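Small disclaimer: the values here were computed from a predicted structure and weren't measured. What you see below is based on every heavy atom in this structure, not just the backbone, and it leaves out hydrogens, waters and symmetry mates. Chain A is the first sequence line, chain B the second, and so forth, proteins listed ahead of strands; every chain is numbered from 1.
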Amino acid sequence: MTTQMSKAETQHMIAKRVALELQGPCTVNLGIGIPTLVAEYMTEDNIYLHTENGLLGVTDVEEADIDPNLVNAGKLPVGEAIGSSFFNSSDSFAMIRGGHVDVAILGALQVDETGVIANWAVPGKNIMGVGGAMDLLVGAKKVFVTMNHTSKDGSSKLLKECTYPITSTRQVDMIFTELAVFNVEDGQLKLVDLMPGATIEEVREKTEAAFIE
Amino acid sequence: MTTQMSKAETQHMIAKRVALELQGPCTVNLGIGIPTLVAEYMTEDNIYLHTENGLLGVTDVEEADIDPNLVNAGKLPVGEAIGSSFFNSSDSFAMIRGGHVDVAILGALQVDETGVIANWAVPGKNIMGVGGAMDLLVGAKKVFVTMNHTSKDGSSKLLKECTYPITSTRQVDMIFTELAVFNVEDGQLKLVDLMPGATIEEVREKTEAAFIE
Amino acid sequence: MSKIQHDIQQALSYVKSGDTVLVGGFGLIGAPLTLIDGLTEKDVNDLTIVSNNLGESGKGLGILLNQNKIKKGIGSYFTSNRDVGDKYQRGEIELELLPQGTLAESMRAGGAGIGGYYTTTGVGTDLAKGKEEREIDGVKYILEKAIRADVALIRAHKADTLGNLVYYKTARNFNPLMATAAKTVIVEVDEIVEPGELNPEEIVTPFIYVDFIVKAQQILTKEGVVSV
Amino acid sequence: MSKIQHDIQQALSYVKSGDTVLVGGFGLIGAPLTLIDGLTEKDVNDLTIVSNNLGESGKGLGILLNQNKIKKGIGSYFTSNRDVGDKYQRGEIELELLPQGTLAESMRAGGAGIGGYYTTTGVGTDLAKGKEEREIDGVKYILEKAIRADVALIRAHKADTLGNLVYYKTARNFNPLMATAAKTVIVEVDEIVEPGELNPEEIVTPFIYVDFIVKAQQILTKEGVVSV
């Protein structure tokens, strides 16, 4: 990128771009991190947010209205929309695994050139948490992934093959980074958009995975 | 039997005898027929009735209070006790199959001398209905069976081996007929009581199954 | 697009010949009587009907049966309609008999992305024939497969306009499970209310499961089924 | 015999060394904080704890962990407590990591008499290693086993004196499932009411699942956990 953005600015830029892809009516599950920010940029009022800890109809909450027993999957305080409902964890994952959630937006550590992602474990570190990531990947009708295009050392996170343990054999549908937006079509990455300030040359240089321009 | 009782009187006699075996607090599922009558003779107020169509806390209902959408497994109108709850069919059978119902009282067509029963199908006739019988047999902590001691032709329904298809490989716990009460202990029938008017000779004569006196 | 349909036949346009259709209710209690009635007026056949019973003789699904629209029935208690047995003996209908708990659990599994499950129910009986038996931790189980369908016709008490549902007493039965296990879910209700009128802690079927809502025109009363 | 226990240690007398214990909550939300606190004061060890998380460092189940009372943890997200990783590296604790939906479903199965089930979740990943893979109707699944336990420690919002339970917002999470999957179920609640005060259509956990009820003495507030 030629312009220098703060980490927060970059995250918001990605979240805003993801929001453009959401058309209601639909139900969306937001992962922790950048995905959570997507809610701020959704423009349609018939998009409902599902959180796997047991609420359909997540909204923002004002500081004064915070309820410690009303949180999202990141354990952050949320509000409840009109028409929302509460349910237990098995009913919540029945919704996810059973294919009743339209879109899951997840973070990823790596993605391979067929759209398979790794987002739950790093080799050599203790494998300590998986949460709902594997369930969302097998169950959501569409999966959108937000991620940094490169590691701190500059190496690509869009790889020929994931070096970290994969989260599912399922290929995701769209990938959003600070440089570019890709569709996954027939098991191939297809560049569909450049992010503000990014050039096609930079994307080519920083993407190990093969992609269709 | 020496005394002549009507069919209804006999059924009530059996139901009354079964009721003596119920000690609260417990949850009891009543099958169709004689088992339903047991409710009339329960004396303790901490016995709760479960019906597999989705209610824990079945009571009698006055004619004036009949609600067509509040019925038991025999589709007969019932009432709801204080502290009752409604649930769907899968949650209801989760209670049954998961071992959370203390006693199931069922009718039977035949019982063998190890306490295995047949109560859902007759060979040569279409096998058309099983309902919740198989679930109750595998799941209830205790199973009590009410049945006629003999067929219309006088042949014993307590047999060495069932000739009808069995409902479960599980042995029931007690058997109640118009002549006698049996416990099932270590896979053997044990006579524990004679019904009013019955003699040990009559029970011996009309019981094909081996039993301990 | 509103989920509310005023035309029953329009709502039923999603039911096609050859479809597998889940139909709620325990006998007539909690059955979608209006939708079933609509189905008897619709030109459709070769249906596989999954329902605890196939109605009673000449009533509810029993009419559909006598119209020869049902190719196969999957249920737990067909005894309530003597016509089922007659048709079966004449080879005019296939039947799959399942224990009631298995029928319920298989639809829950279908709705929850579970392909099959091991249950104790039926082990060692004629209904286990052809099913895989397996011992897990010393207990014998049989494998039962999930049930999924093209359409579910269900009944609830109230819907809000989003499609959230609550039920009424023992009319709940199979309905909430069926709502999860079909591609298209059509519900008939006594009352349609605005979002926010149903308590979020009390909603049994969240709106994501419901595609179309119709107002009930056939109601079960003490005196039997009446049109309203 | 009343299910209400005024003495926390008396209620916890059902927890024995070597037991498998289900502990409700998603982090601290919906966790039985009073019962967990009681467990940290109890002389018990070699526990297998089934819970989404093992608390946070030095909080909730985290205290129990640091007291070396936990032999094994089964959960979906141990990352929330860095001490778990440290102990694991030192070989001081066994861990079984399950996807969150599998964790929930396995307890539901345990409570429902289901021995195991085929799920799509985890197929082809490291968490499927050693698990049977099977194709059903063209879809790949892995076999997951039911979870059952000796004791469940859960949290609800209100109980009636019979043991019927209702929950509060996202504090519901795993609690109703755990109530079904243990031999002894101990619940802590904000409020105890008389039978009849809870709406029968709204009860989430029917009383047959509940053995003992205690009043919560540790409450999660905006300011953190406070004693009441």
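- Contact detail for Ile14(A) and Met147(A): the closest heavy-atom pair is CD1-O, 4.2 Å.
- Remark: Asn29(A) CG to Ile96(A) CD1 distance equals 5.0 Å, nearest 0.5 Å.
- Residues of residues 184-199 of chain C lying within less than 4.5 angstrom of chain A, judged on heavy atoms, are Pro195(C), Gly196(C) in numerical order.
- Residues Lys160(A) and Glu208(A) are in side-chain contact: their nearest non-hydrogen atoms beyond the backbone lie under 4.5 Å apart.
- For Thr27(A), the part lying near chain C is the side chain, with the backbone staying farther off; criterion is any non-hydrogen pair under 4.5 Å.
- Residue-level contacts of residues 26-41 of chain C with chain A do not occur; threshold 4.5 Å between heavy atoms.
- At least one side-chain heavy atom of Gln9(C) sits under 4.5 Å from a side-chain heavy atom of Asp7(C).
- Around the NZ atom of Lys141(A), the shell of radius 6.0 Å holds more than 12 heavy atoms that belong to other residues, nucleotides or ligands.
- Contact tally against chain C (heavy-atom pairs below 4.5 Å) for Leu56(A), Asp135(A), Asp102(A): the top residue is Leu56(A).
- Of the listed residues (Leu109(A), Thr167(A), Asp112(A), Val111(A)), just one forms a side chain to side chain contact (heavy atoms under 4.5 Å, CB included) with Cys162(A), and that residue is Asp112(A).
- Sparse packing is recorded around CD1 of Ile82(A), with 12 or fewer heavy atoms of other residues, nucleotides or ligands lying under 6.0 Å away.
- Here the NZ-CD distance, from Lys16(A) to Glu9(A), works out to 12.0 Å after rounding to the nearest 0.5 Å.
- Of the listed residues Ile114(C), Thr161(C), Asp160(C), Leu162(C), the one with more heavy-atom pairs under 4.5 angstrom with chain A than any other is Leu162(C).
- In terms of non-hydrogen atom pairs under 4.5 Å with chain C, the most contact-rich of Ser90(A), Gly24(A), Cys26(A), Ser84(A) is Ser84(A).
- The NE2 atom of His100(A) lies 7.0 Å from the CD1 atom of Ile208(C); values are rounded to the nearest 0.5 Å.
- With salt bridges taken as basic N to acidic carboxylate O contacts below 4.0 Å, none links Lys16(C) and Asp150(C).
- With Leu106(A) as the fixed residue, the side chain to side chain contact (heavy atoms under 4.5 Å, CB included) test singles out one of Val143(A), Thr146(A), Val172(A): Val143(A).
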